[in-house]
Amino acid sequence: MILHTLIDYDVLRLIWWLLLGVLLVGFAVTDGFDLGTGILLPFVGKTDVERRVVINAVGPVWEGNQVWLILGGGAIFAAWPQLYAVSFSGFYLAMFAILTALIVRPVAFKFRSKREDAGWRRAWDMALFFSGFVPALIFGVAMGNVLQGVPFRLDDSMQIFYEGSFFGLLNPFALLCGLVSVAMLVMHGAAWLQLKTQDAVADRARRFGSIAALATVVLYAVAGVLLWLYIDGYHISSAIDTTGPSNPLLKVAETQPGIWFANYQAHPWTIAAPAIGLLGALGAWIGLCKRRELFALLSSTLSIAGIVLSVGASMFPFILPSSLDPRASLTVWDSSSSHLTLFIMLVCTAIFMPLILMYTSWVYHVLWGKVDEQAIRDDSGHAY
């Protein structure tokens, strides 16, 4: 017996769809408060020392948090090669903007305090703001475009043709989703700053975070209503072969109004995802207003997880619909790697994922506690 046949092909495909969701949530939760903190930097830090407090709130952990982005990209490349090919080529300029921002961020961390000049530090502070705002916005815009369908098609040889443009991605619904993402991560960053800082910085973070939490609730609800009323979803109208070859063109798919909500009717338990997204944001608002630090951070974490997972729950089994040719849309059942590849990757994940989680937990445990403003004034005990 060949070992990989112990797990059916359709089960492996479903497992990797779930793991992809876990990796995306992991990145949004961990690096999300880094991005949110960067966006808040000019608003919660009024003096140079206060801004150094904000930077040092994420200084010990931001590098490790980016592991989830690398894992997510690697999982897409290996488990869903067609998804990788379409998204990383079609969204090339958007990806370039995100990577540029993520490259600027560590440079800003390292160079900001190398000189005493106020203009120098102010320039790097703005770089940190944009390196938080740009990825937060573009990730949300990307999700909005995925929900509407991406303008690509496949020919009979499976060659990909993308016929969109960068500015075509900036449509009203996608920009609304981008604002949801920004508000969500600002809320999360504020919850993190409330936990890690004190006095004036924490007070300002609570004020801006509570506004962002309410904005998350409103914008997410509005996006859901617009998705239901005005955005056509996709569904497979032919027989579904869950163990068939990875060839999207073998199915028949079409668009239909409101179909993105069909899974919630067929599987009512999936309603938990959007419900957690809304209730988590409300919980974060309460935690920020009531100065309940851990409750606010846990609630914002749950909100992010619910919002991200609600996209997957709505679209299943689609992972990247095509607005040009619906039958070319990529689904869980027809765009994965081979049976053997998915099995080998699962074995590797089962070995290394617990190690990553244990190491990350240990780092957060060792570096727990609030940033000491006096130590920053004395230039001792902090990295930045």
Side-chain angles (χ1 to χ4, degrees), residues 2-21 23-24 72-92 142-143 145-164 227 231-267 270 311-346:
I2 300 176
L3 191 59
H4 71 274
T5 59
L6 293 174
I7 304 179
D8 293 337
Y9 196 12
D10 57 338
V11 174
L12 279 172
R13 283 170 159 169
L14 185 59
I15 289 173
W16 273 103
W17 176 76
L18 293 171
L19 284 174
L20 179 59
L23 294 174
L24 291 176
I76 293 173
F77 173 77
W80 310 99
Q82 292 173 323
L83 173 62
Y84 180 90
V86 175
S87 58
F88 279 69
S89 58
F91 296 158
Y92 180 81
M143 285 295 181
N145 279 280
V146 168
L147 285 166
Q148 296 175 92
V150 177
F152 75 93
R153 58 184 176 85
L154 305 173
D155 65 11
D156 292 337
S157 64
M158 302 301 294
Q159 184 175 354
I160 299 166
F161 296 89
Y162 180 82
E163 299 183 10
L227 183 66
I231 306 299
D232 289 349
Y234 294 73
H235 76 105
I236 300 173
S237 56
S238 61
I240 299 176
D241 185 359
T242 59
T243 59
S246 291
N247 184 346
L249 298 179
L250 297 179
K251 68 176 179 300
V252 177
E254 55 190 27
T255 61
Q256 182 176 325
I259 197 65
W260 281 150
F261 291 82
N263 283 336
Y264 298 122
Q265 296 176 346
H267 309 284
T270 58
V311 177
S314 298
M315 293 178 57
F316 184 83
F318 289 88
I319 52 178
L320 190 64
S322 169
S323 59
L324 294 181
D325 181 8
R327 73 183 185 124
S329 300
L330 308 182
T331 75
V332 174
W333 313 123
D334 61 20
S335 59
S336 72
S337 293
S338 68
H339 194 167
L340 178 60
T341 299
L342 294 182
F343 180 79
I344 293 174
M345 289 176 58
L346 184 62

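All values derive from a computational prediction rather than experimental measurement.
Side-chain contact between D232 and I259 is absent, with no heavy-atom pair separated by less than 4.5 Å. A 4.5 Å side-chain heavy-atom check between M158 and S246 finds every atom pair outside the cut-off. At a threshold of 4.5 Å between non-hydrogen side-chain atoms, the residues L330 and F152 count as touching. In this structure the side chain of D325 never reaches within 4.5 angstrom of the side chain of L154, judged on heavy atoms. Counting only heavy atoms from C-beta outward, the side chains of V150 and L320 approach each other to under 4.5 Å.
Between atom OG of residue S89 and atom CD1 of residue I160 there is a gap of 5.5 Å, rounded to the nearest 0.5 Å. Between atom OH of residue Y264 and atom OG of residue S314 there is a gap of 2.5 Å, rounded to the nearest 0.5 Å. Residue T331 holds its OG1 atom at 12.0 Å from CH2 of W17, rounded to the nearest 0.5 Å. Here the CG atom belonging to L14 is positioned 5.0 Å from the CG atom belonging to L18, to the nearest 0.5 angstrom. With values rounded to the nearest 0.5 angstrom, N145 atom CG is found 5.5 Å from F91 atom CZ. Note that OG of S338 and CE of M345 are 10.0 Å apart. Values are rounded to the nearest 0.5 Å.
For S336 against Y9, the heavy-atom pair with the smallest separation is OG-OH, 3.4 Å. Across all non-hydrogen atoms, the minimal contact from S329 to P321 is OG-CA, 3.3 Å. Summarising the geometry of W16 relative to L346, their closest heavy-atom pair is CZ2-N, 3.6 Å, with the distance given to 0.1 Å. Scanning all heavy atoms of the two residues, the minimum distance from R13 to L342 falls at CG-CD1, 4.0 Å.
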Side-chain donor-acceptor distances from residues 77-88 under 3.5 Å, at least two apart:
unit_1: S87; atom_1: OG; unit_2: L83; atom_2: O; d: 2.6

task: Assess whether side chain to side chain contact (heavy atoms under 4.5 Å, CB included) is satisfied between L12 and D10, documenting all intermediate values.
output: CA-CA 5 Å; L12 279 172; D10 57 338; over 6 Å; no

task: Check the pair V311 / L147 against side chain to side chain contact (heavy atoms under 4.5 Å, CB included), numbers first and verdict last.
output: CA-CA 8 Å; V311 177; L147 285 166; 4.1 Å; yes

field: Test side chain to side chain contact (heavy atoms under 4.5 Å, CB included) applied to W333 and D241, step by step
entry: CA-CA 7 Å; W333 313 123; D241 185 359; over 6 Å; no

message: I'd like to know whether N247 forms a side chain to side chain contact (heavy atoms under 4.5 Å, CB included) with D334, so could you lay out the CA-CA distance, the side-chain angles of the two residues, the decisive distance to 0.1 Å, and finally the verdict.
response: CA-CA 5 Å; N247 184 346; D334 61 20; 6.0 Å; no

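Evaluation of the side-chain hydrogen bond (donor to acceptor under 3.5 Å, both in side chains) rule for S337 yields no partner, not counting sequence neighbours. The side-chain contact (heavy atoms from CB on, under 4.5 Å) search around I231 returns Q148, F173, L227, not counting sequence neighbours. Legend: residues meeting side-chain contact (heavy atoms from CB on, under 4.5 Å) with S238, ordered by chain and number and at least two apart, are I236, K251, V252.
Screening residues 149-160 for side chain to side chain donor-acceptor pair (under 3.5 Å), with sequence neighbours left out, gives R153-E163, D155-S157. Listed by first and then second residue, the salt bridge (charged side-chain N to carboxylate O under 4.0 Å, His left out) pairs involving residues 253-267 amount to none (not counting sequence neighbours).
Between W260 and F318, the two ring planes are perpendicular [angle over 60°; tilted spans 30° to 60°].
Not a single donor-acceptor pair under 3.5 Å links the side chain of N263 to the backbone N or O of T270.
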